[in-house]
Amino acid sequence: MTDACSREETIQSFVEAMGRDFEKESMPRIAGRVFGLLLLETGPHGLQQLAERLRVSRASVSTNTRLLEERGMIERVTLPGDRRDYYRIGEAPGLSMLDKASERIRVTHQLLSSMRYRLADCAPEARSRLRSMERVYEAFLSAIDHAFDELSDTGPA
């Protein structure tokens, strides 16, 4: 019995740590807990099952699974003969996360670039600051592209 207890405590510790980690990134703690649990558990899980396992409301799990799904971190699946939705870690959640991050960064980079262009004839200090930020976003994109290439070659991430 000690091994089962120890395993469950280890899982719960990881799930809670993931929740705290997500909070540091301005994401909901429950989203981190759901993601952490799905990383460790096999098979798809329904909302009620996740809610019971995490000891939170089904509504909270529903809200946070939608957020994780939108970010490409988990996927929604159905089971034959069952109308409910189930969730699991996708084939390559790391690559999906990189892709979504890249999309967000490209949008911000384009916004910075567009504003710098619009200020072409004035505000040299603002244009200089915008260009500095563009360079930061270009470095992010380069790093993400490199990581994506590296991880794509090695299989699911």
How long is the span from the [atom1] atom in [X] to the [atom2] atom in [Y], to the nearest 0.5 Å?
X	Y	atom1	atom2	answer
I105	Y137	CD1	OH	7.0 Å
I11	L37	CD1	CG	7.5 Å
L50	E41	CG	CD	9.0 Å
L68	E75	CG	CD	12.5 Å
Y87	E69	OH	CD	5.5 Å
S62	L47	OG	CG	5.0 Å

Considering all heavy atoms, the nearest [X]-[Y] contact:
X	Y	value
M18	F35	CE-CD2, 3.6 Å
S96	G72	CB-O, 2.9 Å
P44	R88	CA-CB, 4.1 Å

Mind checking whether [X] and [Y] sit in one hydrophobic cluster, side chains of I, L, V, M, F, W, Y counted as touching below 4.5 Å?
X	Y	answer
M97	V107	no
M27	I89	yes
V77	L39	no

Under 3.5 Å, is there a donor-acceptor pair between the side chain of [X] and the main chain of [Y]?
X	Y	answer
S60	V56	no
T10	S6	yes
S128	P124	no

Exercise. Under the side-chain contact (heavy atoms from CB on, under 4.5 Å) criterion, do L38 and H45 qualify, and how do the steps go?
Worked result: CA-CA 8 Å; L38 290 176; H45 296 278; 3.6 Å; yes
Exercise. Considering residues, nucleotides and ligands other than R104, do more than 12 of their heavy atoms fall under 6.0 Å from its CZ?
Worked result: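 Yes - once you tally the heavy atoms of other residues, nucleotides and ligands closer than 6.0 Å, there are more than 12.
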Exercise. Counting only heavy atoms not in D121, do more than 12 fall under 6.0 Å of its CG?
Worked result: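 Not more than 12 within 6.0 Å, no.
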Problem set entry | L141 side chain near S102 side chain, heavy-atom distance below 4.5 Å |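 Counting from C-beta outward, L141 and S102 do come under 4.5 Å.
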Exercise. Are the side chains of R53 and Q12 in touch, meaning some heavy atoms are under 4.5 Å apart?
Worked result: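 The answer is yes, as the side chains (C-beta and beyond) meet within the 4.5 Å cut-off.
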Exercise. Please, which pairs that meet salt bridge (charged side-chain N to carboxylate O under 4.0 Å, His left out) have at least one residue in residues 130-148, sequence neighbours excluded?
Worked result: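 For residues 130-148, and leaving out neighbouring residues, the salt bridge (charged side-chain N to carboxylate O under 4.0 Å, His left out) pairs sorted by first residue read R106-D145, R116-E134, R131-E134, R131-E138.
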Exercise. Should the pair E25-R20 be classified as a salt bridge under the 4.0 Å nitrogen-to-oxygen rule?
Worked result: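 Salt bridge: no.
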For this session: Could you tell me whether E52 and R58 make a salt bridge, using a distance below 4.0 angstrom between a side-chain N and a carboxylate O?
Result: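 The answer is no: the pair does not qualify as a salt bridge.
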For this session: Any chance you could lay out the side-chain contact (heavy atoms from CB on, under 4.5 Å) test for R33 and E16, step after step, and finish with the verdict?
Result: CA-CA 6 Å; R33 293 178 68 211; E16 292 305 320; 2.8 Å; yes
For this session: Show the numbers, then the answer: is there a side-chain contact (heavy atoms from CB on, under 4.5 Å) between R129 and E125?
Result: CA-CA 6 Å; R129 287 190 301 271; E125 290 179 10; 3.7 Å; yes
For this session: Name all residues meeting the salt bridge (Lys or Arg N to Asp or Glu O under 4.0 Å) criterion together with R66; count only those two or more places apart in sequence or in a different chain, and write none if there are none.
Result: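 Result, salt bridge (Lys or Arg N to Asp or Glu O under 4.0 Å) vs R66: none returned.
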Problem set entry | Set of residues satisfying salt bridge (Lys or Arg N to Asp or Glu O under 4.0 Å) with respect to R29, sequence neighbours excluded |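 So R29 forms a salt bridge (Lys or Arg N to Asp or Glu O under 4.0 Å) with E23.
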Exercise. Quick one: do the R84 and Y86 side chains pair a donor with an acceptor below 3.5 Å?
Worked result: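 There is such a pair between these side chains.
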All side chain to side chain contact (heavy atoms under 4.5 Å, CB included) counterparts of [X], not counting sequence neighbours:
X	value
L119	M115, C122, A123, A126, R127, L130
F148	L95, L98, S152
L111	none

For this session: Give the C-alpha distance, both sets of side-chain angles, the deciding distance and a yes or no for side-chain contact (heavy atoms from CB on, under 4.5 Å) between L67 and R71.
Result: CA-CA 6 Å; L67 173 68; R71 296 209 174 188; 3.9 Å; yes
